Amino acid sequence: RSLDIDILVYGSVVLRTPVLTLPHPRMAERAFVLAPLAEIVPGLRHPTLKVTVAELLGRLSPTPGDVRRLPGYESRRAGGSRLGMVSSIG
């Protein structure tokens, strides 16, 4: 495949088809997904786990180097989001 887009959530939709599962089945296990998402919308509730993304992030055991901020990028909640986080995986 030439393009792979992971859809994390779509409101409160819960869906399981051969080509799409919502919410993303492993998003609650991935700090590189939850950290930027928690900065943008910390109160977003996972549709099946019924907890916020900030709570999910807090449940993960911290592993050094999981997520780091790129130099020169500031996170902004109000007035737009310009996140500079990158996964250190691979």
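This chain uses plain numbering: 1 for the first residue, then up along the sequence. Predicted model only: the values in this text are computed from it and were never measured. Heavy atoms only: backbone and side chains are in, while hydrogens, waters and symmetry mates are out.
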Rounded to the nearest 0.5 Å, how far apart are [atom1] of [X] and [atom2] of [Y]?
{"X": "T21", "Y": "R26", "atom1": "OG1", "atom2": "CZ", "answer": "8.5 Å"}
{"X": "L22", "Y": "T48", "atom1": "CG", "atom2": "OG1", "answer": "10.5 Å"}
{"X": "R30", "Y": "H24", "atom1": "CZ", "atom2": "NE2", "answer": "5.0 Å"}
{"X": "L49", "Y": "R59", "atom1": "CG", "atom2": "CZ", "answer": "7.0 Å"}

Nearest atoms (heavy-atom pairs only) where [X] meets [Y]:
{"X": "T52", "Y": "P42", "result": "CB-O, 3.3 Å"}
{"X": "L57", "Y": "A35", "result": "CD2-CA, 3.8 Å"}
{"X": "R45", "Y": "K50", "result": "NH1-O, 3.0 Å"}
{"X": "A28", "Y": "L60", "result": "O-CD2, 3.6 Å"}
{"X": "M27", "Y": "L8", "result": "SD-O, 3.7 Å"}
{"X": "P47", "Y": "V9", "result": "CD-CG1, 4.1 Å"}

Would you kindly confirm whether V14 and L20 end up in one hydrophobic cluster when ILVMFWY residues are joined by side chain heavy atoms under 4.5 Å apart? no
